[in-house]
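Here is the structure we will look at.
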Amino acid sequence: MSAGSEMEALVAQAKQAIGAVADLDALEALASELTGRKSLIAKANQELKDLPPGERPEAGRRIGQARAAINALFEARRGELMAAGEAERIRAERIDVSLPGPSVRIGHEHVISKTIGDLTEILVGMGYRVAEGNEVDTDYYNFEALNTPPGHPARSMQDTLYVESGRGEEVLLRTQTSGVQVHEMESCSPPLYMIAPGRVFRRDTLDPSHSPVFHQIEGLAVDSDLTLGDLAGTLKFFIREYFGGEREIKLRPSYFPFTEPSVEVSMSCFLCDGSGCRTCGHAGWIEVLGAGMVDPNVFGSVGYDSERWTGFAFGLGVERFAMLRYGIPDIRLLYENDQRFLSQF
Ligand code: DAH
């Protein structure tokens with residue numbers, strides 16, 4: 001075979017081998033094999049000197065051309081492989097900014113806060129303003145000024161947690177929000193329309209329907225000529241706003257030391273509409289709150305003239321309202337802070 005066709009064959013083989021290489025590392029290995037010191041081209045170059053002098057220039061030129069052709073093939077393939085690698089990298093690193101991100105779980109209002117908010121909103125809409133009270137108070141505000149002096153049998157209705165007894169004053173965790181009535185009447189003169197939402201404490205054991213800590217909303221209206229009819233109308237409107245326009249209410253005589261007369265307020269069952277079901281204990285009615293006309297003795301302890309002013313008060317359990325409204329069977333669910341439960345409201 002002539003040196004010329006030998007070189008042509010070499011270039012053709014190189015072209016095929018180079019075209020078949022799929023990555024840059026393999027390409028460099030092939031380059032040293034085909035053009036390095038031990039390659040056929042290098043060998044042909046070394047053997048030039050063995051040719052007759054007249055053939056050497058022509059053979060040398062052919063070898064040079066073949067080397068240049070092979071180098072050019074390598075260069076072209078190198079460019080191709082680099083471009084392909086770059087395209088692949090760009091494809092792999094591509095970020096679709098229009099994809100939705102991972103969702104972040106955010107907290108939300110607790111069902112007790114929500115219930116306080118909903119009930120407060122209704123009452124504020126009816127003209128009541130919100131008064132703040134203290135969770136730690138004295139025996140005087142929690143009991144005595146509310147016509148419940150020491151030794152009064154009604155004290156046993158609420159098992160009290162005492163904080164300390166000092167400076168002649170008994171300090172306690174309030175058992176009811178009713179004491180806020182007294183604080184407010186001491187600092188404002190009538191007419192007065194106020195509500196007091198807040199936490200109360202009793203020495204009770206946690207069970208499905210009792211908690212040693214729970215929430216109440218107290219209401220107090222003092223004006224001239226308020227009657228039990230005003231109380232009934234107010235509560236009927238309030239209950240209907242919260243539980244629905246079909247609800248009827250019923251007042252039954254009851255006893256609270258600070259109201260006279262006192263009433264227990266029931267509403268027609270919102271599930272069976274009064275025909276009787278499990279929720280209302282087949283009575284058709286559900287007890288929802290306590291209320292009554294402010295006892296003149298309470299006005300006496302805050303210096304209101306009970307000949308001139310009349311008033312009514314009411315107190316409700318927030319947990320009870322929430323449990324009824326949402327069908328929550330156990331009060332403890334409200335305090336366990338299980339996200340699966342809380343996220344439903
Ligand atoms: N303080 C009472 C309790 O905790 C609830 C209550 C009843 C409040 C009648 C009132 C009321 O203002 O008039 O059981």
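These figures come from a predicted structure and were not determined experimentally. Note that ligands are numbered from 1 as they come in the structure, with each ligand's atoms numbered from 1 the same way.
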**Item:** Nearest atoms (heavy-atom pairs only) where A31 meets F74
**Value:** CA-CZ, 3.1 Å
**Complete:** Nearest non-hydrogen contact to atom 12 (O) of ligand 1 from the set Q158, E260, E264, E218 belongs to E218
**Prompt:** Distance only, no hydrogens: is a donor on one side chain within 3.5 Å (strictly under) of an acceptor on the other, for H183 and D137?
**Reply:** yes
**Request:** Provide the closest heavy-atom pair for T227 versus M293 in the form atom of the first, atom of the second, distance.
**Result:** C-CE, 3.6 Å
**Message:** Show the atoms of ligand 1 that are less than 4.0 angstrom away from any heavy atom in Q176.
**Reply:** 1 (N), 2 (C), 3 (C), 4 (O)
**Request:** Answer yes or no for F258: is there a heavy-atom contact with ligand 1 below 4.0 Å?
**Result:** yes
**Item:** Test item, M293 contacting ligand 1 (heavy atom, 4.0 angstrom)
**Value:** no
**Message:** Distance under 4.0 Å to a non-hydrogen atom of F256: what atoms of ligand 1 satisfy this?
**Reply:** 7 (C), 9 (C)
**Prompt:** Against heavy atoms of A291, which atoms of ligand 1 measure under 4.0 Å?
**Reply:** 9 (C), 11 (C), 13 (O)
**Asked** Under 6.0 Å from the six-membered ring centre of Y242 and within 45° of its axis: does the NZ or CZ of R325 meet both?
**Response** yes
**Side-chain donor-acceptor pair present, E248, S268, cut-off under 3.5 Å** = no
**Request:** Just jot down the ligand 1 atoms closer than 4.0 angstrom to any heavy atom of G292, in number order.
**Result:** 13 (O)
**Asked** Under 4.0 Å from any heavy atom of Q181, which atoms of ligand 1 are there?
**Response** 12 (O)
**Enumerated ligand 1 atoms positioned under 4.0 Å from heavy atoms of T259** = 13 (O)
**Prompt:** Relative to the heavy atoms of R202, which atoms of ligand 1 are at a distance of less than 4.0 Å?
**Reply:** 3 (C), 4 (O), 14 (O)
**Fill in**
In short, T115 meets A322 closest at the heavy-atom pair OG1-CB, 3.5 Å
**Prompt:** Which protein non-hydrogen atom lies closest to atom 5 (C) of ligand 1, naming both residue and atom, and how far is it?
**Reply:** G315 CA, 4.1 Å
**Request:** Grab the two heavy atoms, one from V21 and one from R77, that are nearest each other, plus how far apart they are.
**Result:** O-NH2, 2.7 Å
**Polar side chain donor-acceptor pair, E218 to Q181, under 3.5 angstrom** = yes
**Message:** Within the 4.0 Å heavy-atom shell around S178, which atoms of ligand 1 are there?
**Reply:** 1 (N), 8 (C)
